[in-house]
Amino acid sequence: MRNPGGKLLLEVRGLTTSVSGVEILKGIDLAVREGEVHAIMGPNGSGKSTLAKALAGHPAYKVTGGEARLDGQDLFALAPEERARAGLFLGFQYPVEVPGVTNASFLRLAYNTVQGARGKDELDPLEFDDFVREKLKLLDINPAFLDRSVNDGFSGGEKKRNEILQMALLEPRLAVLDETDSGLDIDALRVVANGVNSLHAPDRAIVLVTHYQRLLNYITPDYVHVMAGGRIIKTGDKSLALELESRGYDWLLESGRAVAA
Amino acid sequence: MSNTALQNLIDQPYKHGFVTDIESETTPKGLSEETIRLISRKKNEPEWLLEFRLTAYRHWLTMAEPKWPNVTYPKIDFQDISYYSAPKPKKKLASMDDVDPELRRTFEKLGVPLHEQKVLAGVAVDVIFDSVSVTTTYKKKLAEVGVIFCSISEAVHDHPDLVRRYLGSVVPTSDNFYAALNSAVFTDGSFCYIPKGVHCPMELSTYFRINTQDSGQFERTLIVAEEGSHVSYLEGCTAPQFDTNQLHAAVVELVALDNAEIKYSTVQNWYAGDENGRGGIYNFVTKRGLCKGVASKISWTQVETGSAITWKYPSCVLLGDDSVGEFYSVALTNHMQQADTGTKMIHVGRNTRSRIISKGISAGKSNNSYRGLVKIGPKADRARNFSQCDSMLIGDACGAHTFPYIQVQNNGATVEHEASTSKIGEDQLFYFAQRGIGPEEAVSMIINGFVKEVFTQLPMEFAVEATKLLGLKLEGSVG
Ligand SMILES: Nc1ncnc2c1ncn2[C@@H]1O[C@H](COP(=O)(O)OP(=O)(O)O)[C@@H](O)[C@H]1O
Ligand SMILES: [Mg+2]
């Protein structure tokens with residue numbers, strides 16, 4: 001749902017970011033309002049993950065210029081965990097494995113920390129168990145998941161489901177899902193899409209980073225942005241994604257170059 | 001989070017670094033036959049024990065300090081150490097109330113209960129302060145079931161036959177450089193004897209404290225579990241903070257007869273030195289258990305967090321058929337600490353089994369080595385060993401090493417070894433942060449997950465203490 005008059009949830013202006021001294025993001029502008037779904041597409045290496053990590057505050061991604069606000073709050077003034085507690089969620093393209101820490105205890109600590117930051121009650125292990133099992137059912141995830149170590153030995157698809165599960169538990173204001181759809185079979189894709197759709201609410205927003213249009217068959221984006229070379233070179237609606245699907249990126253890159261020249 | 005911030009987490013000040021102002025009687029520095037005769041005289045020892053000491057000493061003179069451990073330190077001047085230091089009792093200790101109040105306050109500060117009424121979960125405690133055993137609690141209650149739990153000095157007088165029979169029977173006086181030194185100069189330690197068929201009704205615990213700056217601590221522990229008996233023994237240690245190094249060279253001997261079981265747990269928190277490696281304890285310890293009887297079992301669990309240098313290999317000799325040896329270890333090193341620790345499982349009897357679970361955590365510029373020997377003798381038919389050695393690195397400046405030695409002389413044996421190295425890095429902490437979990441909690445959660453398998457082996461109260469201790473070393477202010 002496009003929401004031009006709605007409340008601005010995320011506002012990024014002129015964001016530049018470098019990694020290991022190399023400038024990757026060269027000035028990103030993005031405005032996401034409550035209730036909206038945005039898709040960010042673009043070829044490999046165009047800076048999509050860099051944008052997601054810079055917003056979430058990964059220490060290796062140095063913001064060198066520009067600003068970002070979440071609910072009007074200066075994101076870059078917050079530590080990464082504070083950004084998460086403020087309602088920013090990043091679904092990782094490559095979720096990290098944490099051997100020895102059970103998923104159940106990790107999920108509960110994350111849930112309780114974020115709940116606590118919102119001034120809400122924390123759940124004890126038994127209450128949390130009931131709560132999380134409900135979510136597992138919704139997402140069609142095997143409860144044995146809870147007793148395994150976080151992402152340890154998970155298949156690619158299981159890792160992605162775990163990201164969606166975490167999103168469903170934490171109920172973020174803004175979820176940035178970085179290629180949550182890649183490497184999934186059609187069933188898993190449907191689960192992810194259902195998870196995203198069930199989270200979708202008028203007071204939240206979702207940014208999907210993807211380079212396939214197939215996820216967009218399940219989730220209808222209000223805006224499609226195309227990134228290349230660290231910039232957003234084009235913004236359109238769902239039809240842009242379809243066009244990219246049939247024509248690839250080259251025509252856009254060329255016209256972009258023509259514009260730049 | 002940067003590595004510096006990560007480092008802040010683990011740079012917690014040492015909390016036990018105070019010195020007790022107490023009058024003590026310390027022999028002059030230096031080691032000679034005369035020193036040994038003096039120690040023996042002070043302790044009013046029988047002739048055979050003096051002989052034991054002198055034999056050890058003469059052998060020690062012919063030995064060289066081991067150079068194979070993966071640790072470095074300046075040469076120790078063994079003449080610059082005082083070999084006997086005892087808090088001067090105001091009068092002979094008749095009961096708990098006679099313990100020097102200053103000493104009592106020390107142990108209260110350390111959280112060691114001396115007063116029987118205050119003993120929480122019914123743990124009997126023997127306390128070794130510098131060289132001398134200060135008190136043993138719950139002696140009477142233990143005596144009712146025939147369990148002997150006292151200082152080894154007392155045991156020498158009250159149970160000479162037992163001590164004479166078993167002392168040096170597992171770790172001979174000539175075993176290694178530090179064991180020989182200990183045999184020559186040991187001043188005190190704990191003795192326990194569990195009679196046939198007795199399941200010891202409470203945990204037995206010894207608390208070691210080095211207080212004097214220039215004294216070494218050489219304690220000697222001997223535990224004998226008769227046929228079908230069972231005992232769980234805990235050992236804790238701390239020391240004040242000095243900028244010189246103190247030597248701690250203990251010997252622990254365990255003997256388990258037919259169907260007996262000994263569970264020995266240690267939480268070692270000797271002063272580790274400062275962040276530049278100044279001061280700290282040299283912990284050069286020989287611990288060995290002999291599974292002498294059939295189906296006997298000895299299980300070592302250690303949580304090593306302190307000491308400038310740790311050199312320690314709690315081992316099991318599996319002599320009896322069907323006997324079982326276990327080694328569960330967590331070794332945490334930080335700053336300039338060095339640890340070379342592990343175990344030896346010597347399978348002699350048939351159908352003997354051993355299990356090794358080692359978890360090393362290295363931070364700062366520390367160096368953490370696992371060294372383990374699994375030896376299957378020719379008669380050890382169907383012997384089985386499983387070893388798992390995991391290392392975790394925090395930051396980029398530390399080292400983790402694994403030195404497994406496997407010697408198999410029997411074709412029917414099964415030996416399995418697994419090893420892994422992982423690292424708490426930026427990406428893991430960022431993942432936690434992105435779920436709202438700050439770096440302190442993240443590190444503590446990851447570490448607790450890493451050591452879980454070992455900590456579940458600890459008796460309940462000790463597990464709580466050990467978790468707190470790791471927490472102390474890991475939590476703190478983040479920049
Ligand atoms: N951690 C990193 N270290 C070095 N270079 C990186 C790192 N992360 C990303 N890059 C570089 O930044 C550019 C953009 O990468 P990325 O944001 O992952 O692109 P996308 O997600 O669009 O595929 C690439 O050239 C990539 O090599
Ligand atoms: Mg990417």
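So that the names make sense, note that chain A is the first sequence line, chain B the second, and so on, each numbered from 1.
- Side-chain contact between B/R435 and A/V150 is absent, with no heavy atoms from C-beta onward closer than 4.5 Å.
- Proximity to chain B is absent for every atom of A/Y94, based on heavy atoms less than 4.5 angstrom apart.
- Distance alone, capped at 3.5 Å, places no donor-acceptor pair between the B/Q434 side chain and the A/P80 backbone.
- Of all heavy-atom pairs between B/Q428 and A/E97, the closest is NE2-O, 3.1 Å.
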TODO: For A/V96 and B/F430, run side-chain contact (heavy atoms from CB on, under 4.5 Å): C-alpha distance rounded to whole Å, both residues' side-chain angles, the deciding distance at 0.1 Å, then the answer.
DONE: CA-CA 9 Å; A/V96 175; B/F430 178 61; over 6 Å; no
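- Heavy atoms of A/V114 lying under 4.5 Å from chain B belong exclusively to its side chain.
- Between A/A84 and B/A433, the shortest heavy-atom distance links the atoms CB-O, 3.4 Å.
- Residues meeting the side chain to side chain donor-acceptor pair (under 3.5 Å) test with B/N448, sequence neighbours left out: none.
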Task: Derivation and outcome, side-chain contact (heavy atoms from CB on, under 4.5 Å), residues A/N151 and B/Y431 - done: CA-CA 11 Å; A/N151 295 326; B/Y431 192 70; 3.2 Å; yes
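- Contacts between A/Y111 and chain B at a heavy-atom distance below 4.5 Å are absent for every atom of the residue.
- With contacts defined as side-chain heavy-atom distances shorter than 4.5 Å, the pair A/F92/B/D427 does not qualify.
- Counting heavy atoms from C-beta on, the side chains of A/L109 and B/F432 never come closer than 4.5 Å.
- Of the two parts of A/S149, neither the backbone nor the side chain holds a non-hydrogen atom closer than 4.5 Å to a non-hydrogen atom of chain B.
- Of the atoms belonging to A/P95, heavy atoms from both backbone and side chain fall under 4.5 Å from chain B.
- Interface remark: A/A60 contributes backbone and side-chain atoms alike to the contact with chain B (heavy atom separation under 4.5 Å).
- Ranking A/L107, A/V101, A/L170, A/T102 against chain B, the residue ahead of the rest is A/V101, based on heavy-atom pairs under 4.5 Å.
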